[in-house]
Number of protein chains: 2
Amino acid sequence: MRMSGGVEWAVHCCVALTDVDRPVPAATLARLHDVSMSYLAKHMQALARAGLVRSVQGKAGGYALTRSPGDITVLDIVIAIEGADPQFTCTEIRQRGPLAASPEDCLRACAVHRAMLAAEQAWRESLRGVTVADLATTVDRDSGPDVLRGVRAWLTASAS
Amino acid sequence: MRMSGGVEWAVHCCVALTDVDRPVPAATLARLHDVSMSYLAKHMQALARAGLVRSVQGKAGGYALTRSPGDITVLDIVIAIEGADPQFTCTEIRQRGPLAASPEDCLRACAVHRAMLAAEQAWRESLRGVTVADLATTVDRDSGPDVLRGVRAWLTASAS
DNA sequence: GGCGCGCTACTCGGATACGTCTTGTCCGAGTACGACTGG
DNA sequence: CCAGTCGTACTCGGACAAGACGTATCCGAGTAGCGCGCC
């Protein structure tokens with residue numbers, strides 16, 4: 001039940017890409033956060049495959065958000081990095097052993113499975129309720145609007 | 001974000017141990033569910049370390065619940081197997097790189113961290129709301145009371 | 001001076017090693033029951 | 001017949017390998033901009 005560390009990087013990158021019109025290379029994002037360039041590139045590719053960011057090749061290329069930050073939820077990013085597989089996989093343990101239940105009695109998910117599914121659903125709903133725009137607003141409210149403004153200025157300055 | 005498969009085994013074992021007065025050996029539980037005896041024993045040891053079950057050695061030994069099934073939540077079992085570590089670990093990425101925030105500005109958790117914490121909290125609350133007794137009641141309601149009665153009879157019969 | 005072409009440098013993308021954690025298994029330590037022996 | 005003691009068989013407990021996944025890195029494919037040459 002440990003979440004991949006790349007999720008944190010990906011979310012921070014999406015927040016940094018807010019309100020930046022030009023594509024930002026992965027190397028620039030890596031320098032901004034002082035992390036491995038190659039490894040961050042891997043996660044950005046995952047975001048691109050999921051359709052959250054578009055990749056532009058060539059001299060002035062890089063990554064840019066495909067849609068408004070208000071339309072990108074944290075859940076989208078987590079799924080893009082971690083995959084869409086559910087965290088709990090029911091192996092239908094009740095259909096095994098000497099007291100195995102018949103398959104027609106197992107049309108509905110077992111009680112354990114349903115409890116796990118409900119918890120996971122609550123987790124997803126919570127993540128779905130937070131967008132990248134919300135995060136940017138929160139950072140502005142916490143640390144003042146100069147922080148994100150400085151990030152944007154630094155990104156555009158590094159691009160030139 | 002994948003949950004250990006041993007959690008499913010542990011939860012089912014706790015449900016099976018409901019209303020069984022005598023200790024049940026790990027080998028019997030393994031035969032009941034048709035799983036690896038050695039590996040299940042490992043998980044039962046984890047439950048014992050967490051204080052959810054007590055282990056009795058010797059000829060008529062085995063595992064038994066330490067408290068009422070209504071006082072054992074699914075979250076207790078998940079923590080016993082998976083550990084208490086949070087699923088998301090914040091590496092304080094905002095304090096790194098050329099635009100690093102000062103430590104005194106980071107007394108509160110960052111926005112990303114808070115969003116993840118809230119989601120995990122929702123997940124935990126959902127799991128905390130379901131007890132082993134609830135699961136047993138649900139099974140009785142779904143498949144009839146004969147299923148769990150049969151399990152208890154089989155466990156006591158295998159003990160003799 | 002304007003246009004077309006080739007080059008270069010920069011970007012992403014996937015394929016490739018390494019470390020760590022989960023999974024799976026085994027054997028040794030400990031204990032309660034049962035049988036045996038002596039009073 | 002009863003009590004103490006020994007032996008045995010059964011239990012848990014932790015230590016020991018194997019596989020899978022996440023982590024980290026590298027090099028090749030592709031493309032957009034830029035400069036040069038030609039008209």
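Naming convention: chains lettered A, B, ... in sequence-line order (proteins, then strands); numbering from 1 in each chain. When reading the values below, keep in mind they use all heavy atoms of this one structure, side chains included, and skip hydrogens, waters and symmetry mates.
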Short side-chain N/O contact to [N] OP1/OP2 from [X], under 4.0 Å:
X	N	answer
A/S36	D/dT23	no
A/Y39	D/dT23	yes
A/S55	C/dG13	yes
A/R49	C/dG14	yes

Legend entry - 5′-ward residue of the pair A/V24/A/M1 relative to DNA chain C: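 First, find each residue's nearest nucleotide; the 5'-ward one identifies A/V24.
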
Inset, instruction - Any chance you could lay out the side chain to side chain donor-acceptor pair (under 3.5 Å) test for A/W123 and B/Q87, step after step, and finish with the verdict? - result: CA-CA 12 Å; A/W123 176 76; B/Q87 48 189 229; 3.0 Å; yes

Could you check which of [options] has an atom nearest any side-chain atom of [X]?
X	options	answer
B/K59	C/dT23, D/dG13, D/dA9	D/dA9
A/R2	C/dG30, D/dG22, C/dT25	D/dG22
B/Q57	C/dT25, C/dG30, C/dC10	C/dG30
B/P25	C/dC12, D/dT11, D/dA24	D/dT11

Separation of [X] atom [atom1] from [N] atom [atom2], in whole Å?
X	N	atom1	atom2	answer
B/R22	C/dC33	CZ	C1'	14 Å
B/L29	D/dC12	CG	P	9 Å
A/Q45	D/dG28	CD	C1'	13 Å
A/R54	D/dT31	CZ	C1'	15 Å
B/L47	D/dC12	CG	P	13 Å
A/M44	D/dT25	CE	P	18 Å
B/E82	C/dC21	CD	C1'	11 Å
B/K42	D/dT11	NZ	C1'	18 Å

Inset, instruction - Give the ring-plane orientation class for A/H43 versus A/W9, where under 30° counts as parallel, over 60° as perpendicular and anything between as tilted. - result: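 A/H43 and A/W9: perpendicular rings.
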
Inset, instruction - Have a look at A/A26 and say if it touches a base, only the backbone sugar-phosphate, or nothing, with a 4.0 Å heavy-atom cut-off. - result: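 Sugar-phosphate contact only.
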
Inset, instruction - Using the closest heavy atom to pick a nucleotide of DNA chain D for each, name whichever of B/G61 or A/W9 lands nearer the 5' end. - result: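 It is B/G61, whose closest nucleotide lies nearer the 5' terminus.
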
Legend entry - Along DNA chain D (nearest heavy atom to each residue), the more 5'-positioned of A/G6 and A/G58: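 It is A/G6, whose closest nucleotide lies nearer the 5' terminus.
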
Inset, instruction - Say whether A/D105 and A/S102, considering side chains only, have a donor N or O and an acceptor N or O under 3.5 Å apart. - result: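 Note: A/D105 and A/S102 side chains meet the donor-acceptor criterion.
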
Inset, instruction - Verify the distance criterion only: is there a donor paired with an acceptor across the side chains of B/D140 and B/T137 at less than 3.5 Å? - result: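 No - no donor-acceptor pair under 3.5 Å links their side chains.
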
Legend entry - Nearest non-hydrogen partners of B/L52 and B/A80, listed with the distance: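 Closest approach of B/L52 to B/A80: CD1-CB, 4.0 Å.
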
